[in-house]
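Data first, discussion second: the structure below is written as structure tokens.
Throughout, protein chains are lettered first and strands after them, A, B, ... in sequence-line order, and every chain is numbered starting at 1.
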There are 2 protein chains.
Amino acid sequence: MSAAPKHDVYQAIADSSRREMLMLLAKNDASIKEISEHFSISRTAIVKHLNVLSDAKLVSDRKAGRSKIYSLQPEQLAEVKEWVSYFEQFWDNKISMLKNLVESDFEE
Amino acid sequence: MSAAPKHDVYQAIADSSRREMLMLLAKNDASIKEISEHFSISRTAIVKHLNVLSDAKLVSDRKAGRSKIYSLQPEQLAEVKEWVSYFEQFWDNKISMLKNLVESDFEE
DNA sequence: TATACATAAAACCAAATGGTGTCATATCAA
DNA sequence: TTGATATGACACCATTTGGTTTTATGTATA
């Protein structure tokens, strides 16, 4: 949980607890305590996961009284989306293969 | 590298070497030896990565003489795509943000 | 048949990961 | 001010991860 971005977005979403946390924060901002209530693991473990997400810039936090409120910051997921979409041509359907082919023809 | 699917797709793509391998295999099927030539790590390490990818059903393999040929099997990436696309509404454009805001107002 | 080639299998290692529990500190509220 | 609440900071632990080297096995081919 250093200052240098030790965790990238792919690593951050590799853990199912962290994916659940992102889903939670997509609905509402939440404090550490509120987040903890949705999981069976210890608060310490929750905080560690949040640090990984924070490191990957998938969440931001602000202090409010004695609470620390986390917010979803989903922009980094665009990176994943783009990477995955490269592979779509190989599975989706013939139409998207064709679409992809046509688009790349126009671009270059 | 057990029979039970120990590695899921999110874990499999968490490593950049493995992501590169998938990109490689997207272009052409390749043997372990051919894949190794694109990386600076040992062949043993390559095989371990391929086992993780195989475990996550992102690649398949077939024997051909003394070679083992790996193929991309990208279907599992659809899971990732779907998961990520849930978050698109939060970053894509103002309209969907507004839509979301209005909807949440109605909910509470 | 020898030999070179491609992969398999095993033992080992350091560091990272995901978890725990305990104690300290800051803040709100009675 | 005192107590409850929310978080921060540590120290600790077992397992997994990503890597290594060494040794064995199966397969083409000169």
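Within the 3.5 Å criterion, the main-chain N or O of B:Ile13 finds no donor-acceptor partner in the side chain of B:Arg18. A:Asn28 contributes no side-chain N or O that, together with a main-chain N or O of A:Ala30, makes up a donor-acceptor pair within less than 3.5 Å. No side-chain donor-acceptor contact under 3.5 Å links B:Ser54 to the backbone of B:Asn51.
Across the protein-nucleic acid pair, A:Lys48 atom NZ and D:dT7 atom P stand 17 Å apart, rounded to whole Å.
Between B:Ser42 and D:dT20 there is a side-chain polar atom (N or O) within less than 4.0 angstrom of OP1 or OP2. Side-chain nitrogen and oxygen atoms of B:His49 include none within less than 4.0 Å of the OP1 or OP2 phosphate oxygen of D:dT17. Using a 4.0 Å cut-off, some side-chain N or O of A:Lys33 falls inside it from OP1 or OP2 of D:dA6. Phosphate proximity of D:dT16 to B:Gln11: absent, as no side-chain N or O sits under 4.0 Å from OP1 or OP2.
Of all nucleotides in DNA chain C, those with any atom nearer than 4.0 Å to a heavy atom of chain A start and finish, going 5' to 3', at C:dT17 to C:dC28.
Rounded to 10 degrees, the angle separating the terminal axes of the helix from C:dT1-D:dA30 to C:dA30-D:dT1 is 20°, with each axis obtained from five end pairs.
Legend: residues meeting salt bridge (charged side-chain N to carboxylate O under 4.0 Å, His left out) with B:Glu37, ordered by chain and number and at least two apart, are B:Lys33. Under the side-chain hydrogen bond (donor to acceptor under 3.5 Å, both in side chains) criterion, B:Tyr10 pairs with B:Glu79, sequence neighbours left out.
Applying the 3.5 Å distance criterion, the base of D:dT7 shares no donor-acceptor pair with the side chain of A:Ser31.
Of the residues in residues 59-66 of chain B, those lying under 4.0 Å from DNA chain D by heavy-atom distance are B:Gly65, B:Arg66.
Across all strands shown, B:Ser67 has heavy atoms under 4.0 Å from sugar-phosphate atoms exclusively, and none from any base. Using a 4.0 Å heavy-atom distance criterion, B:Glu34 is classed as making no nucleic acid contact.
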Taking only distance into account, with no hydrogens and no angle test, what donor-acceptor pairs under 3.5 Å do side-chain atoms of residues 61-69 of chain B form with protein atoms, sequence neighbours excluded?
{"unit_1": "B:Arg62", "atom_1": "NH1", "unit_2": "B:Asp29", "atom_2": "OD2", "d": "3.2"}
{"unit_1": "B:Arg62", "atom_1": "NH1", "unit_2": "B:Ser71", "atom_2": "OG", "d": "3.2"}

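Using a 4.5 Å heavy-atom threshold, the side chains of A:Met21 and A:Ile46 count as touching. At least one side-chain heavy atom of A:Leu22 sits under 4.5 Å from a side-chain heavy atom of B:Trp83.
Between A:Tyr86 and A:Phe90, the ring planes are perpendicular. Angles over 60° get that label, and only those under 30° would be called parallel.
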#### Entry: Derivation of the side chain to side chain contact (heavy atoms under 4.5 Å, CB included) call for A:His38 and A:Glu20
CA-CA 9 Å; A:His38 289 81; A:Glu20 281 182 51; over 6 Å; no
